[in-house]
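Being a predicted model, the structure only gives us computed values, none of them experimental. In this chain, numbering begins with 1 at the start of the sequence shown.
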Amino acid sequence: MSNEATSTAHLLPHGAPDRSGTRLLLLTVRRMGVGGLNDAHAASMLIGSFGLSFRRPLILVRALMAELARASQRTIMIAPSCCCRMTDAESILLDAVAASLDTPGSAHRAFCRLLGVETAIGVLSSAQAVAQAFADLGRPLDG
């Protein structure tokens, strides 16, 4: 394996999810991470997936992203939207959001590790709202 391939495998150790809700959240997070909270591509993806019910998940993902940025003491590395693999940070984020409804304690610990903080209650609350919205609209986030 070449050095470049080894480096890429180290940066992107996880495969992107196949489940539609989790994959949609990943792509939305990536688009908003690069283009900002008002990224038109992120909104368009949610419109295409949720139809007229897109506003709730859009606003809640924006709130989650803003809370992640506010609370984090670390840089959260995200891959480009076109990438079929995930960074460690993306994997932790998706797993924690998916777990936030059923196991909030473990999700909170994961958010604290990801963000480098002692408490992440605001992030956990935002994640729970996102997970519930996706589930209510037929695209649950499976961990």
Side-chain angles (χ1 to χ4, degrees), residues 4-143:
E4 186 176 318
T6 303
S7 175
T8 303
H10 178 69
L11 291 173
L12 302 167
H14 307 279
D18 292 330
R19 299 163 312 275
S20 67
T22 309
R23 187 170 188 81
L24 176 62
L25 179 59
L26 172 64
L27 294 174
T28 304
V29 164
R30 286 177 173 177
R31 291 302 312 184
M32 286 185 184
V34 172
L37 298 180
N38 293 318
D39 184 78
H41 288 99
S44 178
M45 284 188 297
L46 293 174
I47 291 169
S49 295
F50 295 120
L52 295 176
S53 301
F54 79 96
R55 285 181 189 87
R56 179 178 169 210
L58 176 62
I59 297 300
L60 292 173
V61 173
R62 284 177 177 166
L64 174 62
M65 293 295 288
E67 187 61 21
L68 286 167
R70 184 202 65 78
S72 185
Q73 296 297 311
R74 296 183 179 150
T75 300
I76 301 172
M77 191 164 79
I78 58 173
S81 296
C82 61
C83 191
C84 61
R85 301 201 50 84
M86 292 189 301
T87 66
D88 279 327
E90 290 172 329
S91 178
I92 292 168
L93 176 63
L94 292 178
D95 289 344
V97 173
S100 65
L101 292 176
D102 296 330
T103 55
S106 65
H108 182 258
R109 287 187 294 279
F111 285 129
C112 289
R113 279 192 320 274
L114 175 66
L115 304 175
V117 296
E118 291 184 27
T119 185
I121 297 298
V123 175
L124 176 63
S125 298
S126 295
Q128 288 174 320
V130 168
Q132 190 65 59
F134 275 62
D136 288 349
L137 295 171
R139 295 198 186 259
L141 304 175
D142 303 319

Does the side chain of [X] reach to within under 4.5 Å of the side chain of [Y], using non-hydrogen atoms?
X	Y	answer
Pro104	Leu124	yes
Cys112	Glu118	no
Leu115	Arg74	no
Phe134	Pro57	yes
Leu60	Ser126	no
Leu68	Val123	yes
Phe50	Arg55	no
Ile78	Thr87	no

Pairwise distance [atom1]([X]) to [atom2]([Y]) - rounded to 0.5 angstrom:
X	Y	atom1	atom2	result
Ile47	Leu58	CD1	CG	7.5 Å
Ile76	Leu114	CD1	CG	4.5 Å
Thr28	Met32	OG1	CE	6.0 Å
His41	Leu46	NE2	CG	13.0 Å
Leu93	Met77	CG	CE	13.5 Å
Gln132	Ser100	CD	OG	9.0 Å

Task: side chain to side chain contact (heavy atoms under 4.5 Å, CB included) between Val97 and Phe111, intermediate numbers included - done: CA-CA 9 Å; Val97 173; Phe111 285 129; 3.9 Å; yes

Open item on the list: Given 3.5 Å as the limit, does a donor-acceptor pair link the side chain of Arg139 with the main chain of Ala135, or not?
Closed with: no

Open item on the list: Determine whether a donor-acceptor pair (N or O, by modelled atom type, separation under 3.5 Å) exists between the side chain of Ser106 and the backbone of Thr103.
Closed with: yes

Mind listing the closest non-hydrogen atom pair of [X] and [Y] along with its distance?
X	Y	value
Met86	Pro17	SD-CD, 3.7 Å
Arg56	Asp136	NH2-OD2, 2.9 Å
Ala107	Ala96	CB-O, 3.4 Å
Arg85	Glu90	O-OE1, 4.2 Å

Task: From Val29, Leu64, Ile59, Leu101, residue fulfilling side-chain contact (heavy atoms from CB on, under 4.5 Å) relative to Val130 - done: Leu64

- [ ] Just do the side chain to side chain contact (heavy atoms under 4.5 Å, CB included) check on Val61 and Leu25 with the steps written out, would you?
- [x] CA-CA 8 Å; Val61 173; Leu25 179 59; 4.0 Å; yes

Open item on the list: Between Ser81 and Arg30, does the side chain to side chain donor-acceptor pair (under 3.5 Å) criterion hold? Intermediate values first, please.
Closed with: CA-CA 6 Å; Ser81 296; Arg30 286 177 173 177; over 6 Å; no

